[in-house]
Structures are given as C-alpha cells and as structure tokens.
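Working notes, structure below.
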2 protein chains.
Amino acid sequence: MAMATIYEVAKEAQVSPKTAARILAGASSRPHNKERVLAAAKKLGYVRNQQAANLRSGKSGLLGLIIPSVTNPYYPWFFQAIHDIALQKGYQILLSSVSGGHEEVVRALRMMEANQVEGLLFNMSEWDDRDSLEILERFIARGQPVIIGGTNLGKLQADEIVIKNVEAVQKVTHYLVKTGHEKIAFISGPLTALGNRERLEGFRKAMAKAKLEVRENWLCEGSAEFEEGLDQGLKVLRRSDRPTAIVCATDQIAMGAVKAAHELDLHVPKDVAVTGFNDTPWARLTSPSLTTLRQPKARIARESINLLVERITERDLTNPRRLYFEPDLIIRESA
Amino acid sequence: MAMATIYEVAKEAQVSPKTAARILAGASSRPHNKERVLAAAKKLGYVRNQQAANLRSGKSGLLGLIIPSVTNPYYPWFFQAIHDIALQKGYQILLSSVSGGHEEVVRALRMMEANQVEGLLFNMSEWDDRDSLEILERFIARGQPVIIGGTNLGKLQADEIVIKNVEAVQKVTHYLVKTGHEKIAFISGPLTALGNRERLEGFRKAMAKAKLEVRENWLCEGSAEFEEGLDQGLKVLRRSDRPTAIVCATDQIAMGAVKAAHELDLHVPKDVAVTGFNDTPWARLTSPSLTTLRQPKARIARESINLLVERITERDLTNPRRLYFEPDLIIRESA
DNA sequence: CCAATAATTGACATCGTTGTCATTTTACGT
DNA sequence: ACGTAAAATGACAACGATGTCAATTATTGG
C-alpha cells in the first residue's frame, strides 16, 4: 500500500531501475522502453521520492525562512512573495514562524539544518542570542548562505536586508510638514528594536530639518500594538496643546490613534492627521483609509532570493552585501 | 565543508557509527563512550540528516497543508494554529499556498506526495478538478489520510471539516432582529462557492423565521472583496427604501459597506448596522470595530490534527468523519 | 552486408541513518 | 575469582534514487 518505487516501475516495465529512472528524468531512450516505463509509472501512480533523491544528490531544493509570526500582518505577503519567486527558481520554502523565545528559534534553526536547507533567510527583529548566532555561523562556515533581515548581527559574515526606516519616516514627516502641519507627535514601537529606533530617528531628523519643535511629551513609546496606539493617542490628544498630526511606527498603532481621535470626537484627518507604517492589507479598507509607508515586498523577495540563489550556485562570491530598500509613501485619507 | 555525518562523529569518538547513532538517540551506553560521542558531535556541529533518517524509517514527520492563499487574512491564523499543534505532536507542516488555478494545485499535490507527507489537510473552496481528485484518491488508497475543508468532495472517502455557515449567519441575523432591525440587506460573496451559498441560506432562514421580508434587490452578490462591499453598499444604501442593517459574507465586504455608509454620511451603527464574517485580525481595530463571526481556529486546528494523527497511527479507523464547527458571534461596535 | 561509431542500457555502488542480530563487555551473585 | 545474565557494541543490510562505467544495441557509411 506504500508509495510505488522506481524498482516496481522498472519491474512492471521490464527494464532496469536505472533505465526507468533515466526515462522518467526525461532522457532519450528506445521508444519501446519509453512507452512501457511511462505506462508503468502511470499505472502504479509513481511519484519520485524526493527525500531519497535529495540524499543521493546532496541537494535539498529547500530554502529556509524564519520569521517572527505569520500572524503579524506584514509577513504573509512577504512569505507569499518569497514563496512564489523561490518556486520559479526551483526551490521550496521551509517556513518557521516562531512567535516564542530563544529556545523556539534555536529549535527552528536546528530543524532547518536537519532538513538540509541550501540557504536561509533569517528575518527577526533584534536577535542576538548566543546559541542562535553560533548555529548561524555554522551555516555560513558550511557554505549555506544566510541573509539577515530586520536586525543587525554585525560580526556575522552574512548578507543583509536593510529597510531604510530613517528615510521612510523622514518622507512621511516631510509630507505632513508640507501639508501645513507644525505640531506633530510620534508614537513609537518598543525602542529595543532597531527598526523602531531608526523610525524615531527619522522623525527627529525631519523635524530638525523643518526647524520644528519636537515636544518630548509628544514622543510616546510602547508596544507596537493597537491598544498602545489607543492609549498613547488618547493621552496626547487630550492635552491642551494637542498636535495636529501623529506619525505612528506601525499601522496597528495608527489604527489605535484613529480610534482615540474618534473617541474624542476629533475628525481624521481634519482635526488630526494620522499616518502608519507597513501598509498592512487592511490599511486601505478602513474609514478613513490609512496614509502609510509601504515596503516593496515583491522587490525585497525577488532580490533576496536572487542573491541567495546566486550564493548557492556560485560559492565564490565576494564579501557580504547589503540590500537596501526604501518604503514608499502611500497617501490615502488619514493624512 | 559539508554537513558532518554520523560516520565522522563515530570516527572522532572512536566508536562504530551505530553506537554513535544510538547514543545520539538517547539510549544508554558506557559513560566513557557517551562523553566522547557527545563531545565529538558538539565539536563537529553534527546535526542528524533528517532526509536520510526519513528514508530509513519510512516516515517523514510531515503533514501537508494546502490553502488558497496566505494573503487571505483568515489563513495565517489558521496556519499558525495548525503549525503549533502539529509541532507539539512531533510533525512539521509543509505549506502550499496556491493562489492560482488547477495546474498549481496539482503541482502542490505532487510536491506533497514527493515529500512523503504522512497526512494532508486540503483546504480549498469549491474544488472539483479531475486531476486533483485522482491524486487525492491515490493518497487515500495508499493510506495517507486526507482531511477536506471548505468544499465538498462527496465521493472521496476523506474526513471533512464542516463550518456551520448556515447557523452562523442565522445567529447574526437573529441578533440584528432582536436589536430591532427589520429592514436587513445581505451582501454575499460569489455563490459559486459552497460557503457563500450556505451563508445566504442562513440569512434567508433567519429572515423567514423572524417573518421578515427578504427584498430581492437587497440581496447582492459579488466578489468577496472590499470594492464589492463598497459598490454594493453604495447601491443598496442609496435606495429610498434603504435597509437599517447589512449582513456581509466577509469582513472585507463589511469594511466596504462601512465605507459606503460613511460616504453617504450615514453613521454606523446608528443609521446602518453592519456585520462581517471571519473576525479577521483587523476587525477589532477599525472604527467602528466590526461585529462579526469568529471561526474557532484553534479548535479547528486541534481537532483536525488530532484526527489526522489518529488516522496515521491507527490505520484501521472506521468510516470518514465530519468535524463540525460553529463560528461565534463577536459583538463589537458596528452592530 | 560488415565494421565502426554512436546511442542505450544495466550492474554496482553510494548518499546518511538505523534496525537486526550476533558478538563482546560489564555487572552481579555466590 | 568464576559463571551467568544483562547490557552494550558493531558488522551488515536496507530505505529509494541515480551517477559511473562497462556492456549491449542501434545506426551509419562504405
């Protein structure tokens, strides 16, 4: 009842296993044999055992992708893009969505090793766990290329995906200034994450450039979630000197800020403009739809996979590279 | 430079490969050997080659999951739930997100076969492609259990996940009636999909039970997307006899309807109540937050995987089963 | 029609792991 | 210290696919 093997196909077709294999691999052969083998394969429902083939060939056709959580709305799209492009290039994606802590990441990395991934995309924010680093180093030493995203693992000889957070937030802040705003608040995600520090820096730079005052109590830090946006939004909008615009470090925070505005009977964007970050799938669906910054996911996916595959096939590439990507400003109704 | 094998570990530790394997598998052994093997394994960064182990054991530890698209906001959560529970049970998930047509599904199914998945969760809506069916039949004949979700592949001897769409929509509709609504519209997704037909049926049943009139031109059918909700919402809300509530077949449609209401200066829920379906992650973030129906994803995942694993380990289970799940009514601000 | 060349074919070995089973080592009771 | 039972070990084979290479078969020109 198990899966038919090439031996059974060969027997059925009365040829040697090797011939059957060759024919199923598409090589030329006597028409007579070809017919018989194809017929036998069809009859038995033969499907090549990929695991065995991989073992033989020393390749796995797998690329590993480690991300924080598919339930974070940014990642499904990222995964889909990576998945599609990898398929085109003949690779499957082995996905690990690790919502938990260090142990879970280590387990995921081990799993990737055990499954012989040929390359790895490691997308986590602020990760510098000793054990993980050691395993990643092993990948690289072994010649399995690694691309790091979302965090900076400095000493590691790996390629990096760098999102230009500073420039992006500068862009949106500049846009607000240009549309006449002078009193602008900023609600950040946790500053323990590099990306959030960069976004804050972008805000400060833009304000400095516009010669606008950055009121320190208009700078809020919290989690990257909706509730935080709501709380901080309420706090900052209740002040007598309330801002006319709020730049938020994530779309979730922005949604919270919008809700805060509504609760205080303020109109968005007339009374307060609100901007987000990431262009999560629902950003365009809300009322008002969200002005936000969109990461070029397809481009990130394409260039990452390209580089990864290049490194896999040409072992002797030079030094680690950095791939830079700048989010686009998407102007909608909220600002 | 390649991955260290058990032979190298054995050599380094001066024991036979079998002993090394046994020790690494956790069996008891002379302390002397144990130390040396563990040290050698650590030194060489040994990681078991899962592919080879699978080949040897005839198991893969893989469960296949085929879904329409991870970018559909329902699925990431579903995947995460499946993924977590499968991990607990010692299985990895092999995910295929097939946005495209039949060919792509067939390719995904073949890939699942080639990778020796021990069981398969096939979650597509309205799928009755000949080729796919044939492959699925092969799975079952071979003794690789299959669970079908989201569609009805009648003749197939497979277990099924059944979402009680009828009851769910009856529940919201009833709730609207109870809160005083009499003029209720329904915006459906494409009626080619079973789930949408059921949702419509639920609406009709509930209205009949409440002895309320179902005006045929308040029944809109379209895609399951936002734009459709907006268009249909505008159309139905512009009528002189506009409804006071709109039941929508998806959250996306509901968001569209909310936007339509806003464009016509109608307040939600004061002027029109709007309800969605699925409790997509952003349903609670919007203003107003969305009253909707939530699928018990964790429970669906748990029970599906349990059944799948049970079938894998106990080959002689009886007839196909059906797992029923009824979405919960989540009452928020929009209705 | 035959020799020479080209195209196919199949026996064998191998990828890394681990079950089987015979052999060796250890531990224990007397 | 010795015999025996129990525990640990290692040689070998097998999982399924496929590269190597020698043997076979087909093709071509003279």
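Chain letters run A, B, ... following the sequence lines, proteins first, then strands; residues in each count from 1.
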Let me know the distance between [atom1] of [X] and [atom2] of [N], rounded to the nearest Å.
X	N	atom1	atom2	answer
B:Lys34	C:dT25	NZ	P	22 Å
B:Gln14	D:dT9	CD	P	14 Å
B:Arg56	D:dA13	CZ	C1'	8 Å
A:Arg36	C:dG10	CZ	C1'	16 Å
B:Lys11	D:dA11	NZ	P	14 Å
A:Ile6	C:dT9	CD1	C1'	14 Å
B:Gln116	C:dT17	CD	P	18 Å
A:Asn115	C:dT17	CG	P	13 Å

Any side-chain donor-acceptor pair under 3.5 Å between B:Gln80 and B:Asp84? yes
I'd like to know if A:Arg30 reaches the base of C:dT8 with its side chain such that a donor and an acceptor end up less than 3.5 angstrom apart. no
I'd like to know if A:Arg48 reaches the base of D:dA17 with its side chain such that a donor and an acceptor end up less than 3.5 angstrom apart. no
B:Tyr74 vs B:Ile67, test: side chain to side chain contact (heavy atoms under 4.5 Å, CB included). Steps then yes/no. CA-CA 10 Å; B:Tyr74 170 69; B:Ile67 57 180; over 6 Å; no
Nearest nucleotide by nearest heavy atom, which residue falls closer to the 5' end of DNA chain D, B:Ala52 or B:Ile23? B:Ile23
When the nearest nucleotide of DNA chain D is assigned to B:Lys18 and to B:Leu55 on a heavy-atom basis, which residue is associated with the more 5' position? B:Lys18
Please identify which of these residues, B:Ile66, B:Leu94, B:Val106, B:Val117, meets the side chain to side chain contact (heavy atoms under 4.5 Å, CB included) condition with B:Met111. B:Leu94
Tested for side chain to side chain contact (heavy atoms under 4.5 Å, CB included) against B:Leu120, the lone hit among B:Leu109, B:Ile140, B:Ile135 is B:Leu109
Sugar-phosphate only, base, or nothing, as touched by [X] at under 4.0 Å among non-hydrogen atoms:
X	answer
A:Arg22	base
B:Asn33	sugar-phosphate
B:Ser28	sugar-phosphate

Looking at B:Phe139, does the NZ or CZ of B:Arg142 lie under 6.0 angstrom from its six-membered ring centre and within 45 degrees of the ring axis? yes
Consider the side chain of A:Tyr46, meaning its heavy atoms from C-beta on, and name the nucleotide among C:dG10, D:dG10, D:dA17 that approaches it most closely. D:dA17
Looking at C:dT8, C:dT17, D:dG10, which one has an atom nearest to any side-chain atom of B:Asn49? C:dT17
Give a yes/no answer on whether the side chain of [X] brings an N or O atom under 4.0 Å of OP1 or OP2 in [N].
X	N	result
A:Ser29	C:dT8	no
B:Ser16	D:dG10	yes
A:Tyr7	D:dA14	no
B:Ser57	C:dT18	no

Please test A:Val47 against B:Arg138 for side chain to side chain contact (heavy atoms under 4.5 Å, CB included), starting from the C-alpha separation and ending with a verdict. CA-CA 11 Å; A:Val47 181; B:Arg138 241 164 37 202; 3.7 Å; yes
